[in-house]
Amino acid sequence: MQPSAALGRISPSPTLAITSRVMELKRAGVDVIGLGAGEPDFDTPDFVKEAAIQAIRDGKTKYTNVDGTPELKAAIAQKFARDNGLTYKADQISVNVGGKHTLFNAMVATIDAGDEVVIPAPYWVSYPDVVQFAGGVPVIVKAGPEQGYKLTPEALDAAITPKTKWVILNSPSNPTGAGYTADELKALGEVILRHPHVWVFADDMYEHIVYDGFRFATIAQVCPELYERTLTVNGCSKAYAMTGWRIGYAGGAPWLIKAIAKLQSQSTSNPCSVAQAAATAALTGDQSFLAERNQAFQARRDMVVAMLNAIDGMTCPTPEGAFYVYPSFAPLIGKSTPSGRLIDSDEAFVGYLLDDAKVAAVQGAAFGLSPAMRISYATSDALLREACTRIQTACAALK
């Protein structure tokens, strides 16, 4: 028996591969600093943990509705209204096993062979693979540092064809941390409005992790005319440090939510009942800890950006949100390591950092824009400073 053709259209997640490699090295006693994982180093808030414990004690360990408990859907509706000025009823809300599951469900439920999905690059690694798994065609549009790592209306308009089904917008972005302003989203929305067959997948997973007074906005909020054609996607993983709890959710058109539920009923069935109780508490509880954690993230961001920009040949923009930086280093390509190995790609560069500096990052090729790398600063100040010092030393040693 051979693997299916659909499986052959995708690759293992590069970010998860890096994380697994770091774990292996640490188990072997290697002093490696992992900056590849896309998860906060903060713990899940105590009040969220307590809600989960209470749910277990209350016997909330049975099947739930396929796409979410009424309590969690009500909490999500409240969150959308409170934070985004968006109104969604229960039949417009889907709860899934993480944001990646939301993406998978939405693409598989709507894409036919040959349908196109516009994806700005750099992109989250799963976007093109999931589209390809569903039989679609990723249309990659470069959005480099000269555009602030953001899609322009002109580039979007040029990418849309009669086959376009979705445009994916991720703000703040994984991997760059770039955030779209309300005006920038309105400009993109005006383009999409001219193409009534195109839908928007708005990935807002890093909504609450923003800096320097940046005001988060989502496209259905600033372009109400696109409300019926937008799937507004979010989750508990990043802001609430609940990556392992696996709760993602979305608000959208009732027919689409129903289609996603149909697919989910034949795959995972409901998300974990206990995790749903925890997510309900997270969304409805005291949100003040978010600002406190953002202060810590911003201090880390500023340190990492400064230390990487001090490296000759490396340029690191200052992101508006998330907990990643995406430095480019074209002048370093073509140099050689102290052992004589040629640095001919960003993959070779991050391999050099891992082997010689014992720092793990993810190559820009995984995100569709090279030569660059993604560094997660969701770890301690001390480890970040040590990691950046090692990177500085490794870069200075190149010939």
Hphob cluster co-occupancy, Y123 + V130, side-chain heavy atoms under 4.5 angstrom: yes
V362 backbone acceptor or donor facing R374 side chain under 3.5 Å: no
Of Y206, F42, Y324, the residue whose pairing with F297 passes ring pair (Phe, Tyr, Trp, His ring centres under 6.0 Å): F42
Measuring from Y377:OH to D302:CG, what's the distance to the nearest 0.5 Å? 8.5 Å
By side chain to side chain donor-acceptor pair (under 3.5 Å), which residues pair with Y240, not counting sequence neighbours? Q287
Which residues share a side chain to side chain donor-acceptor pair (under 3.5 Å) with T181, sequence neighbours left out: E184
Keeping N170 on the side-chain end and P172 on the backbone end, is there a donor-acceptor pair under 3.5 Å? yes
I'd like to check the salt bridge (Lys or Arg N to Asp or Glu O under 4.0 Å) partners of R57; sequence neighbours left out, ordered by chain and number. none
Considering residues, nucleotides and ligands other than R341, do more than 12 of their heavy atoms fall under 6.0 Å from its CZ? yes
List the steps, then state whether side-chain contact (heavy atoms from CB on, under 4.5 Å) holds for M307 with I391. CA-CA 9 Å; M307 292 187 74; I391 294 171; over 6 Å; no
With rounding to the nearest 0.5 Å, note down the distance linking OG in S273 to CG in L72. 11.5 Å
Qualifying residues under salt bridge (Lys or Arg N to Asp or Glu O under 4.0 Å), relative to E320, sequence neighbours excluded: none
What pairs with Y88 under side chain to side chain donor-acceptor pair (under 3.5 Å), at least two apart in sequence or on another chain? T232
Any side chain to side chain donor-acceptor pair (under 3.5 Å) pairs touching residues 292-301, not counting sequence neighbours? D41-R300, D212-Q298, D212-R301, R300-D381
So does E386 pair up with R390, basic N to acidic O under 4.0 Å? yes
Do the side chain of Y249 and the main chain of G68 share a donor and acceptor less than 3.5 angstrom apart? no
Could E71 and K60 be called an ion pair, given the rule that one side-chain N must be under 4.0 Å from one carboxylate O? no
Check the surroundings of atom CD in Q266: do more than 12 heavy atoms from other residues, nucleotides or ligands lie under 6.0 Å from it? no
Okay, side chain of S171, backbone of Y180: is any donor-acceptor separation there less than 3.5 Å? yes
Sorted by first residue and then second, give each salt bridge (Lys or Arg N to Asp or Glu O under 4.0 Å) pair with at least one member in residues 245-270; sequence neighbours left out. none
Of all residues at least two apart in sequence or in a different chain, which pass the side chain to side chain donor-acceptor pair (under 3.5 Å) check with Q221? none
Under 4.5 Å side-chain linkage, directly or through intermediates, the cluster mates of V137: none
Tabulate below the donor-acceptor pairs under 3.5 Å that side-chain atoms of residues 91-99 make, not counting sequence neighbours, or state none.
from, atom 1, to, atom 2, distance (Å)
Q92, OE1, K89, N, 2.9
Q92, NE2, Y227, OH, 3.0
S94, OG, N96, ND2, 2.8
N96, OD1, T102, OG1, 2.6
N96, ND2, Q264, OE1, 2.9

So, taking the atom named CD in Q392 and the one named CG in L308, what distance separates them when rounded to the nearest 0.5 Å? 7.5 Å
Would you say R215 has more than 12 foreign heavy atoms packed within less than 6.0 Å of its CZ? no
Per side chain to side chain contact (heavy atoms under 4.5 Å, CB included), C388 is matched among V304, I311, L35, I33 by V304
Look only at the side chain of K150 and the backbone of G179, and say whether a donor-acceptor pair between them is shorter than 3.5 Å. yes
Under the salt bridge (Lys or Arg N to Asp or Glu O under 4.0 Å) test, which residues partner D67, sequence neighbours left out? K73
Run the salt bridge (Lys or Arg N to Asp or Glu O under 4.0 Å) test against D344 and tell me which residues pass, sequence neighbours left out. none
Is it the case that more than 12 heavy atoms not belonging to N309 sit under 6.0 Å from its CG atom? yes
Determine whether a donor-acceptor pair (N or O, by modelled atom type, separation under 3.5 Å) exists between the side chain of S376 and the backbone of A37. yes
